[in-house]
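Note that the structure is a prediction, hence the values are computed from the model and not measured. Just follow the structure's listing: the first ligand is 1, and inside any ligand the first atom is 1. Quick note: numbers below take in every heavy atom, side chains included, and nothing from hydrogens, waters or symmetry partners.
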Amino acid sequence: MADEPLVLGIETSCDETGIGIVRGHTLLANTIASSVEEHARFGGVVPEVASRAHLEAMTPAVERALGEAGLAFTDIDAIAVTAGPGLAGALLVGVAAAKAYALGLGVPLYGVNHLAAHVAVDQLEHGPLPRPCVAMLVSGGHSSLLLVPDVARDVISLGSTVDDAAGEAFDKVARVLGLPFPGGPYIDRAARDGSGTAIAFPRGKYDDGTLDFSFSGLKTAVARWVEAREASGQAVHVPDVAASFQEAVVDVLTRKAIAACRRYDVHDLLIGGGVAANSRLRALAQERCDAAGVRLRVPRPGLCTDNGAMVATLGSDLVRAGVAPSTLGIPADSSMPITTVHV
Ligand code: KG4
Ligand code: ZN
């Protein structure tokens, strides 16, 4: 199996039960069962509800993935699973299932880092990662800039958010604007009918010389602006607020991503995580990368949001790199640092 291992990946760090199957870097199946609708009325993911949903979805999702790939359990060479970071209870379901499958099938287990998996997945679409590359991960839980000499062995943190994650800011601002959860895609859509320059929202840490982010001040500024308009009886034009907020986020993200490439003399930028599905982020990143002579890689939106294929891809890289498998005693680590690619 050494060259093109057939790996089944399990992702349960948040509200998606993702099962992916890859052979090397070829995607064979990617099934997702989401509990997002059960969380919508709470305006955020309820950990206990997510964990229970994973437990119910796990076995059917694995069977569906095998069916999609036209494979049997006995074809699987290795099991990979997100061991962290994420919601503790949600991670436990995936890790326990992965151990059971690995033990039952007599195949190696790889407990992997969710964030590194968001980076690795791009190889399914755009081939092997340049070494090194800079990766910007923007999701509901994380906003990080990484230097990636080798996704299977060596990931270095360059900076991250000091408060809210980018996706979290999208979700909170959407709530202020009366848009559904999760807010990112709704803001993206609303913004298409608005102007990104209508309102000058603050851009936290824009010129501070670090590669860190801050989105909590922006989120508060949007909420205050909306409150003030409503208090004075003026209409709130949702598309303009959405577009101006979105512009502030993607302006800072792309500026810092290019700064990271310059600082480390790297010419390849990868953007991953749920917020990488944002159409304005993709467009502005392309524009600024072209101007800076940086090649941009962004996976298609379906591979940006949480899924099992990303975990399987990183698992496949670990097998191919000859990295020793995890033991069946590995824990789920809700705050696993990005420097730990695999446990
Ligand atoms: O990576 P992901 O699926 O899960 C986490 O690991 O958090 O990211 C989910 C986040 C949510 O905050 C969601 O609002 C955001 O990604 N998101 C978007 C878009 N699609 C998803 N944010 C902005 N624009 C989008 N089109
Ligand atoms: Zn994620």
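By heavy-atom distance, the residue among Thr82, Asp171, Leu115, Asp15 lying nearest atom 11 (C) of ligand 1 is Asp171. When the options Gly274, Ala169, Ser279 are ranked by their closest heavy atom to atom 20 (N) of ligand 1, first place goes to Gly274.
The heavy-atom pair separating Ala309 from Leu124 by the smallest distance is CB-CD1, 3.9 Å.
With a 4.0 Å cut-off on non-hydrogen atoms, Gln246 does not touch ligand 1 at all. Proximity of His142 to ligand 1, defined as any heavy-atom pair under 4.0 Å, is not found for any part of the residue. Heavy atoms from both the backbone and the side chain of Thr305 come within less than 4.0 Å of ligand 1.
Side-chain heavy-atom separations under 4.5 angstrom define the hydrophobic clusters, and the remaining members of the one that includes Phe181 are Val36, Val45, Leu87.
None of Lys205, Arg280, Arg203 except one satisfies the salt bridge (charged side-chain N to carboxylate O under 4.0 Å, His left out) rule with Asp251; the exception is Arg203.
Not a single N or O atom of Phe170, backbone or side chain, sits closer than 3.5 Å to an N or O atom of ligand 1. Some N or O of Gly140 is nearer than 3.5 Å to an N or O of ligand 1, by distance alone. Residue-to-ligand polar distances keep Pro182 apart from ligand 1: every N/O pair is separated by 3.5 Å or more. Remark: ligand 1 and Glu16 share no N or O pair separated by less than 3.5 Å (distance only, no angle test).
Here 3 is the count of protein N, O or S atoms positioned under 2.8 Å from the Zn ion (ligand 2), waters not counted.
Using a 4.0 angstrom heavy-atom cutoff, His118 counts as in contact with ligand 1.
The side-chain hydrogen bond (donor to acceptor under 3.5 Å, both in side chains) test applied to Thr313 returns no partner, not counting sequence neighbours.
Counting only heavy atoms from C-beta outward, the side chains of Leu270 and Val298 never approach each other to under 4.5 Å.
Checked for salt-bridge contact, Arg189 and Asp193 miss the test: no charged N lies under 4.0 Å from a carboxylate O. A salt bridge does not link Lys219 to Glu168: none of the charged side-chain nitrogens sits closer than 4.0 Å to a carboxylate oxygen.
Taking the six-membered ring wherever Trp is involved, the centroid distance between the rings of Tyr186 and Phe170 does not fall below 6.0 Å.
Residue pairs meeting the side-chain hydrogen bond (donor to acceptor under 3.5 Å, both in side chains) criterion with at least one member in residues 143-162: none, sequence neighbours excluded.
Here the straight-line distance linking atom CZ of Arg297 with atom CD of Gln123 works out to 7.0 Å at 0.5 Å rounding.
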